Amino acid sequence: MNRRRIVWLMLVAGVPFLVLVARKGARAEFSSAHILSKTEAEPVLQIGIFEGSGDVGTVVHPGSAEFDGAKGSYTLAASGENMWLSKDAFQFVWKRISGDVMLTADISFIGKSAQEHRKAVLMVRQSLDADSPYADVTLHGNGMTALQTRDEKGALTHEVQAVTWSPKRLRIVKRGPYFTMWLAYEDGVFRLAAGSARLEMKEPFYLGIGLCSHDKDVVEKAVFTNVDLKTAAPAASAATTLYSMLEVVTVNSTDRTAIYVAPERFEAPNWMPDGKTLLFNRNGRIEKIPATGGTPQVLDTGFATRCNNDHGISPDGAQLVISDNSQEEHRSLVYIVPIGGGTPRRITQKSPSYWHGWSPDGKMLAFVGERNGDFDIYAIPAAGGEEKQLTTAKGLDDGPEYSPDGKYIYFNSERTGHMQIWRMRADGSEQEQITFGEENDWFPHLSPDGQQMVFVTFDASVKGHPENKDVMLRMMTLKDKKITVLAKLFGGQGTMNVPSWSPDGKQFAFVSYQLVPKDAETVRVP
């Protein structure tokens, strides 16, 4: 009688059973043969701190998992074509679990390989289906490290790359719907390594370690040591530290890369015309950082030491426009300074005024001003002069930005009852609505070729554009008005207030945020 028939009869009879495991000294070996099919009950196999193992997806060569109790190490062998796109193929060692958790391990590949993208992962996975939603922290064979996610069953995989590769120790943390990647290097200190990913995971889910060879005809091996599984304190349960992540997203793939992470608030990146440098504001100052990452430097803006997040760069790259609250009644005014720093030159005489757009010929600025209790859009010569009011509709108008051909100004307006994207001729005529959804859309930014528009979307229940909210970065193709979601993140105010496209139109920059409990207590999972 075959094994499946025996197990079935024992279950029907109500007889408890044990899955026998062959032992070799102090070492226990497990392979996919120990995992029952989906028509059978799932076994409980104690593999260190985990309870099951097997191949997920279709593999040519079956994988295996071996736990060495004396060393506390897990050695995985796996083939598998990839863990990417809409389906996966890999060896997975797992435990079913619920709640907020963190999984930590050291990972080492065994032997050299021609495949630099073999992957060893710490994973949270909805099911054992090949196309299941998941989040993982992935170490590639070449040292590249990323937070990968598949938002929905059968959807494409996306990733947030860490700016620094080859960590000594890796950690994935799940708090509510947010997943974060923490990495430690030679100093042993864990640091938040990239922006978070938002993914709703039903409980219970699978948490564990995995390996994929990235070549269906090859078997690779990796060792996981110092594996530690704990519950994670929810962010809402304790005092928190706000982390800001300056990120770059590639439009075609929607993959993200972390440029700079710090445990404090900074906001609103601009991309320099040379494509090599990003600007952002922090603590009232404007800072610059290489687009590939590095140490930020503060720009000299003279007396303007209370700069807010409405700033940008002239089309020729020679000047910087800022909105600053340091003078008079500490209400925002618009100034221009040399791009290398210097004494600000005042542009707007009335306050508050918040800059948002520079005409492509460099002659005009578009800004938001509160006049007589209403926020409307105005234009003013960059050389200084009289401001011209462009909108008069009741309700807030905000975020004006010129199209690359200079013919239009795109902006967001709540004149319909909630915030939507609009556009008008540069002289204020022919005002027309562009987005029509139930959500609240803010801050439209046009790609350099004028074909695409990215914007920030808040939930329909959110008023204004506050900080620390679940938001989406969305993109509209202006020709057919098709909208796609580029990223789901924790952000809002400061995420993408001002122009942030790269000069070549392939990427744009933004800031995401994360609230991390201070000295959060962790409890080891039994």
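For clarity, every value in this text was computed on a predicted model and none was experimentally measured.
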With ring-ring contact (aromatic ring centres under 6.0 Å, His included) as the test, would you mind laying out the steps for Tyr74 and Phe67 before giving the verdict?
CA-CA 5 Å; Tyr74 304 78; Phe67 175 61; 4.8 Å; yes
Answer yes when Lys153 and Asp131 have at least one side-chain N-carboxylate O distance shorter than 4.0 Å, and no when they do not.
yes
Can you tell me if His140 and His117 form a side-chain donor-acceptor pair at under 3.5 Å?
yes
Scan side-chain atoms only and decide if Glu439 and Thr457 contain a donor-acceptor pair under the 3.5 Å cut-off.
no
Non-hydrogen atoms of Val454 and Leu486 that approach each other most closely:
CG1-CD1, 4.0 Å
Nearest heavy-atom neighbours spanning Gly80 and Cys212:
O-SG, 3.4 Å
Thr477 and Gln452 side chains, donor-acceptor separation under 3.5 Å:
no
Side chains of residues 215-222: which donor-acceptor partners sit under 3.5 Å, not counting sequence neighbours?
residue, atom, partner, partner atom, Å
Asp215, OD1, Asp217, N, 3.1
Glu220, OE1, Arg118, NH1, 2.9
Glu220, OE2, Ser113, OG, 2.6

Take atom NZ of Lys174 as the centre, draw a 6.0 Å sphere, and report whether it contains more than 12 heavy atoms from other residues, nucleotides or ligands.
yes
Verify the neighbour count for atom CD of Glu81: are there more than 12 heavy atoms of other residues, nucleotides or ligands below 6.0 Å?
no
Are Tyr243 and Glu264 linked by a side-chain donor-acceptor pair shorter than 3.5 Å?
no
Just checking, is any N or O donor in the side chain of Asn82 or Lys119 under 3.5 Å from an acceptor N or O on the other one?
yes
Locate the shortest heavy-atom distance separating Thr58 from Ala89; write the atom from each residue and the value.
O-CB, 3.3 Å
Check whether the side chains of His158 and Thr254 place a donor and an acceptor atom closer than 3.5 Å, and report yes or no.
yes
Evaluate the criterion ring-ring contact (aromatic ring centres under 6.0 Å, His included) for residue pair Phe266 and Tyr260; output intermediate values, then yes/no.
CA-CA 10 Å; Phe266 57 78; Tyr260 178 62; 5.5 Å; yes
Polar contact flag, side-chain donor to acceptor under 3.5 angstrom, Arg282-Asn309
no
Please check if atom NZ in Lys481 has more than 12 non-hydrogen atoms from other residues, nucleotides or ligands closer than 6.0 Å.
yes
I want to check a possible cation-pi pair here: Arg96 against Phe205, using under 6.0 Å from ring centre and within 45° of the ring axis as the test.
no
Is Asp100 salt-bridged to Arg175, cutoff N-O under 4.0 Å?
no
Give a yes or no on whether a salt bridge exists between Lys463 and Asp459, defined as a side-chain N under 4.0 angstrom from a carboxylate O.
no
Using 4.0 Å as the upper bound for N to carboxylate O, is an ion pair formed by Arg125 and Asp136?
no
Just so I know, are the side chains of Val227 and Ile49 near enough to count as touching, which here means a heavy-atom distance under 4.5 Å?
yes
With rounding to the nearest 0.5 angstrom, report the CG to CH2 distance, Asn142 to Trp165.
5.0 Å
The criterion is ring pair (Phe, Tyr, Trp, His ring centres under 6.0 Å); which residues satisfy it with Phe455, sequence neighbours excluded?
none
Separation between CG of Asp441 and NE2 of His418, rounded to the nearest 0.5 Å
7.5 Å
